[in-house]
Amino acid sequence: MPELPEVETMRRGLEKIVGLRIHSVSFPAAKRLRSLLFKPSPQRLKTRLLSLVITGIRRIGKRIVIDFNSDESLVIEPRMTGLLLLANSPSPEHNRVEICFDDSSIHPLIYWDRRGLGTVQLLSVHTMSILFNSNRIGPDALLITAEDLQCRLGRSRRPVKVALLDQRGLSGIGNIYASEILFRAQIHPRAPCNRLLPQAWGRLHESIQSVLREAIQLKGSTLSDATYRTPQNRSGGFQFHHRVYGKQGTSCFVCGNPIERFVQAQRATFACPTCQNMRFLRKL
DNA sequence: CGTTCAACCTGGGCGC
DNA sequence: TGCGCCCAGGTTGAAC
């Protein structure tokens, strides 16, 4: 679920908890936990977090990082169905962590995760510097320059959609936004990176910026299963602006021809085969 | 270097 | 109603 716009919406919604002291930590869905979810164990997590003061909320790609008055930070990776809430949860049986604050007028922070594929880790500054090294996680999609984008992806023979999903190249783009970005740039998802013309890199960079910014403004995409919610437990609005994602068989907004669905790297890709042709490709 | 598959999980939707 | 499939915003590691 959460890609850059959804995680950025979470970050913004959590800014109001900066300055608060942690009063208690609990794990309501303890019976449903898989072992990989927490590092360290829930018990150790509880004792290490108790009475720390939150000093900042950051986003690294699709992760939320909560900083404290200590040399460790809480790193939350929501993966498919993870959410951070400062409001009542859609289904309390999926609340994985609840953090209460000294100021009891603030709603507890809840980490909610229906499928439970996400992770919650307390990491030292040193460990984070290794984990979030630029070889493992590329520049943020909102900050990367057009030149850097071409420089980092342009030599690869992989299809451009597959490259956009690889967080080592640039970070934050996921399956929904990759299809939407390529549609607006009118670039075919199967186009090999190393055959894209210079003008294509400019179009792609421009499309990344405009799609992500518009999606953040609308607080992300809530699909029909309504899994994604903002920290205030509200739906996002960008799903109404999707042009291709989940729209196979419907008419293209631009040319009216049917949108296609196909699979790349085990993920569904959506595209208009007419608008997204191979005209931005260098001939072999 | 690039691709494919399986695994980690829950739950909604569909055909029969 | 119920069963068996398929599908889903992500990531990782192994195998070819």
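Labels below follow one simple rule: chain letters A, B, ... track the order of the sequence lines, proteins then strands, and each chain is numbered from 1. Keep in mind it's a predicted model, so treat the numbers as computed, not measured.
Counting to the nearest Å, the C1' atom of B:dC9 and the CZ atom of A:R115 are 6 Å from each other. The nearest whole Å value for the distance from the CZ atom in A:R267 to the C1' atom in C:dT11 is 9 Å. For the pair A:R79 CZ and B:dT10 P, the computed distance is 15 Å after rounding to whole Å. Atom CZ of A:F262 is separated from atom P of B:dT4 by 13 Å (rounded to the nearest Å). In this entry the distance linking CG of A:L164 with C1' of C:dG10 reads 16 Å, nearest Å. A:E6 has its CD atom 14 Å from the C1' atom of C:dA8, to the nearest Å. Atom pair A:E3:CD and C:dT11:P shows a separation of 9 Å (rounding to whole Å applied). Between A:I176 atom CD1 and C:dC7 atom P there is a gap of 17 Å when expressed in whole angstrom units.
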Between A:N88 and A:H107, does the side chain to side chain donor-acceptor pair (under 3.5 Å) criterion hold? Intermediate values first, please. CA-CA 8 Å; A:N88 286 329; A:H107 194 284; 3.3 Å; yes

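Here the rule is side-chain contact (heavy atoms from CB on, under 4.5 Å) with A:W112, and of A:V97, A:L84, A:T227, A:N233 only A:T227 fits it. Under the side-chain contact (heavy atoms from CB on, under 4.5 Å) rule, A:I208 has a single partner from A:L142, A:I173, A:I144, which is A:I173.
Under 4.0 Å is where a charged nitrogen must lie from a carboxylate oxygen, and between A:R11 and A:E8 at least one such pair does.
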Bracket notation of DNA chain B in which parentheses pair within the strand, [ ] cross earlier pairs, and | pairs with another strand (Watson-Crick or G-U, under 3.5 Å): .|||||||.|||||||

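Checking C:dT12, C:dG10, B:dT10 against the side-chain heavy atoms of A:R63 singles out C:dT12 as nearest. Counting only heavy atoms from C-beta on, A:M80 has its side chain closest to C:dA8 among C:dT11, B:dT10, C:dA8. Comparing B:dG11, C:dA8, C:dT11 against the side chain of A:R261 picks out C:dA8 as the nearest. With distances taken from any side-chain atom of A:Q266 to the nucleotides C:dT11, C:dA8, B:dC5, the minimum falls on B:dC5.
Taking 4.5 Å as the limit, every side-chain heavy atom of A:K62 sits out of range of all side-chain heavy atoms of A:E77. Side-chain contact between A:E6 and A:S221 is present, with at least one heavy-atom pair separated by less than 4.5 Å.
When each of A:V162 and A:S224 is assigned the nucleotide of DNA chain B with its nearest heavy atom, A:V162 is the one assigned upstream, toward the 5' end. Projected onto DNA chain B by closest heavy-atom contact, A:Q264 and A:D225 fall at different nucleotides, the more 5' of which corresponds to A:Q264.
In this structure, a donor-acceptor pair under 3.5 Å is present between the side chains of A:K161 and A:T269.
Residue A:Y245 is classed as a sugar-phosphate contact, given heavy-atom separations below 4.0 Å to backbone atoms only. Here A:A268 lies in heavy-atom contact (under 4.0 Å) with sugar-phosphate atoms only. In this structure, A:N175 reaches the sugar-phosphate backbone alone: every heavy-atom distance under 4.0 Å involves primed, P, OP1 or OP2 atoms, never a base.
Here, B:dA6 and C:dC5 have their P atoms 15 Å apart, quoted to the whole Å. B:dC9 sits 23 Å from C:dC3 when the P atoms are compared, rounded to a whole Å.
Here A:H94 reaches the OP1 or OP2 of B:dG11: one of its side-chain N or O atoms lies under 4.0 Å away.
The cationic group of A:R190 lies under 6.0 Å from the six-membered ring centre of A:F262 and within 45° of the ring axis, placing it in a cation-pi geometry.
The stretch residues 149-161 of chain A comes close to DNA chain B through A:S156, A:R157, A:R158, A:P159, each having a heavy atom under 4.0 Å from the strand.
Using a 30° and 60° split on the angle between ring planes, A:H242 and A:F238 fall in the perpendicular class, above 60°.
Between the side chain of A:T9 and the backbone N or O of A:P5 there is at least one donor-acceptor pair closer than 3.5 Å.
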